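Step one of this worksheet: look at the structure below.
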Amino acid sequence: MKVEFEDNQFREYEAGITAGDVVRDIHGRKSGFVAVFIDGIEKDMSTILESDCKIDPIDGESDAGLFILRHSCAHLLAQAVTQLYPDAKPTIGPPIEHGFYYDFFMQPVGDEELKKIENKMKEIMKENLPIIREEHSNISLRKMFGENKFKIEIMDDKIGQEVGSTAYRQGEFVDLCIGPHVEFTSQLRWFKLTSSSQAYWRADSKRESLTRIYGMCYATKEGLRNREKQIQEAAKRDHKKIGREMELYMIDEMIGKGLPVWLPNGEILKSSIEEFALKTEEEYGYQRVTTPVLGKKQLFEASGHLPHYAEGMYPPMEMDDGTYYLKAMNCPMHHLVYRNKKRSYRDLPLRIAEYGTVYRNEMSGTLAGLLRVRMLSMNDAHIYCTLDQVAQEFESNIKMVQDYYAAFGFENYYFRLSLWDPENTEKYIDQPENWEKTQNHLRKILDSLEVPYIESIGEAAFYGPKVDIQFTTAIGREESMSTIQLDFAAKERFGLTYTDETGSDNGEVFVIHRAPLSTHERFVAFLTEHWSGNFPTWLSPIQVQIITISEKHKEYGKIVSEELQKSGIRVKIDDSDNTIGKKIRIHRKMRPAYMAIIGDDEVKNNTISIRTRKGAQKNDIPLDEFIQAIGREISNRDTILGIVPVE
RNA sequence: GCCUCAGUAGCUCAGCCCGGUAGAGCAUCUGAUUUGUAAUCAGACGGUCGGGGGUUCGACUCCCUCCUGGGGCUCCA
């Protein structure tokens, strides 16, 4: 039997040898391989080779390898849990980005129990049990898992009544699974249980409540360490921590959950973003309006929000002239702006923008700092155009988004085409032809722009498909940042028309909803975590912190402060009688772009000395030279602080 | 909303297991010091230990409940 192990390299083996033996023969014992591709299909090492084939070992550190390790680790978890809690019923346990989870039908577990389970897993790991694949008929599988109605349900759904399938056994534990898995439990060394939570069977809140246990798992010690370090680093960047240190925002329970108050420093960030966006969007041909935060029930019925989005809205308010709702979106009001007068094809595309707040009734448990709030400040706009104009408007919006991200120094993002879910039509406006038509349209636009994107079913808005721009946060969590949405439903719901070239009423008005800068809340949270609070100069709440060395320098310090202020630079002065070391320590927390130190030399020479956030310094810069340099840095929106050469 | 962990001074935290009604550092204020790049000294102020209820002679500590925050589920910007 001939086995190809690299392109065009072959070795002869007796039929009946396992893939693992072949891999060991070629690569040695401690290769770090966890499974193999046999003719391109993932298989266990224990697979018996019967005829000519090609073998490609899977490294534990590759994506496929980590997936297998994590999946096996989930089984290890289930084995430990069922040993410690014999009544626990394992349900499903897939690998995920940094590890795995497993859902059990059992009592919730706390931190101490988590530790106990983890220790049990380590014991089993050390026992070095072989993990054995078993083929079973449907009948015997049903007998094996008869006690566990969840497994039976999986069989009913996924495997069907007729065919057999496989299970994996390690010691006394056996789990329904198609594999592949690692060969021995000892290969699962670098894992750690991280948390437990509660999840519903089949993600359905009407079904059984399950206990989900999360863990992380890596191929190597370094992998696990790095992830632990990443989590620690992320905690340092947490916008909630930095937000408190820099006095960006506060949340007071007397005001309410999810309702942040922007403090002066945060307000500077927020308004800088707004100003930048206002200027940019003027150039792109947007016009601004302001609409009320409340509107009548009829409005939101017409827009489709009440039938499709009611749970996202605050409960109604009964007034003497009708029922009112806080707006969760601006679009219905903008549609009425469009309809306020007769529009001509010459008006299109019409771009209506608004900087305002909308209110969404997020479930209390999901609220988190500025990342998820109930009052959203956003740079929102709606573009009214013909289908032919959609492409160019999407194009210019994608370009705008890319420009924005460059200005804020963001690099880690990707595009997602969010599609409807034809299996779940009640969540969407049920017009399949329109969905297909518009989705294909967007797909073509993205293809022609040659931006890489993924497609995701079930992520669309209820009124149409969208292009989302996805970010990965410092902690590795994925969030939507920007969104550009195509709406094919508004035109009928609001009777949006224009007079076309032939003079007749044309009802083919498409609406593009777009929010390139997310919400101010989420955006500032991202910005804070991305820069760790060390914002580019143009965004820094404090651009220059003046520190005087002694009493003698107070007077000159004030002059410097006034000069900077006159030039529009955000400056603060500390001329208290603390030591200079202490003043530096105090002000580091506020992360000014620069600290300006003033002592005898500076007074004498009419200069300042600059200290950067990293501690680098440049002494005796003439004051006017500094003002010019920082002024350029601000107006260029430089993301690199360049006054002191990079250390 | 559900699960889980937590809530002690403005901030960071100790005390709680094993009940005898509170401690530290930083911040703040006052005074001294006048300082050249990440901790100058001294003093003062500051807490109904998240709220309510229970057990107890006695509760920060044990129990119940509610509130708030972190993590997760669900949803989403």
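Bear in mind that the values here come from a model prediction, so they are computed numbers and not experimental data. Letters go in sequence order (proteins before strands), and every chain restarts at 1.
- Aromatic pair A/F523/A/F410: ring centres closer than 6.0 Å.
- Judged as a ring pair (Phe, Tyr, Trp, His ring centres under 6.0 Å), and not counting sequence neighbours, the contacts of A/Y101 are A/Y214.
- Residue A/G599 is classed as a base contact, given a heavy-atom separation below 4.0 Å to a base.
- Remark: the separation of the P atoms in B/rU12 and B/rA59 is 29 Å, to the nearest Å.
- Ring to ring, A/H530 and A/F408 are not that close: their centroids are 6.0 angstrom or more apart.
- Donor-acceptor pairing under 3.5 Å, judged by distance alone, is absent between the side chain of A/Q470 and the base of B/rA77.
- Where A/R416 and A/E602 each meet RNA chain B at their nearest nucleotide, the meeting point lying more 5' is that of A/E602.
- With both ends at atom C1', the span from B/rC64 to B/rG72 equals 26 Å, rounded to whole Å.
- Positionally, the nearest nucleotide of RNA chain B for A/D601 lies more toward the 5' end than for the other of A/D468 and A/D601.
- Comparing B/rU8 with B/rC2, their C1' atoms are spaced 29 Å from each other, to the whole Å.
- Across B/rG15 and B/rG53, the matching P atoms stand 28 Å from one another, rounded to whole Å.
- Residues A/S377 and A/K270 share a closest heavy-atom pair of OG-CE, 3.8 Å.
- Nucleotides B/rC13 and B/rA6 are separated by 14 Å at their P atoms, to the nearest Å.
- Among the atoms of the strands shown, only primed sugar atoms or phosphate atoms (P, OP1, OP2) are found under 4.0 Å from some heavy atom of A/K552.
- With hydrogens and angles left out, the side chain of A/Q617 and the base of B/rG36 share no donor-acceptor pair within 3.5 Å.
- With distances taken from any side-chain atom of A/N619 to the nucleotides B/rA77, B/rU37, B/rU40, the minimum falls on B/rU37.
- Summarising the base pairing, B/rU34 is matched to no nucleotide, lacking a Watson-Crick or G-U wobble pair whose two defining distances lie under 3.5 Å.
- The residue A/M595 sits apart from the nucleic acid: no heavy atom pair falls under 4.0 Å.
- Nucleotides B/rU34 and B/rA24 place their P atoms 30 Å apart, quoted to the nearest Å.
- For B/rC11 and B/rU28, the P atoms lie 14 Å apart once the distance is rounded to whole Å.
- Counting heavy atoms of neighbouring residues, nucleotides and ligands inside a 6.0 Å radius, atom NZ of A/K572 does not exceed 12 of them.
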*Once each nucleotide of nucleotides 65-70 of chain B is scored for protein heavy atoms under 4.0 Å, what B/S/- sequence comes out, 5' to 3'?*
--SSSS
Table of protein N/O atoms under 3.5 Å from nucleotides 24-30 of chain B N/O atoms:
unit_1: B/rA27; atom_1: OP1; unit_2: A/K582; atom_2: NZ; d: 3.4

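- Judged by atom type and distance alone, A/R244 does not reach the base of B/rC11 through any side-chain donor-acceptor pair under 3.5 Å.
- Distances were taken from every side-chain heavy atom of A/I597 (C-beta onward) to each of B/rU40, B/rC76, B/rG36; the shortest belongs to B/rG36.
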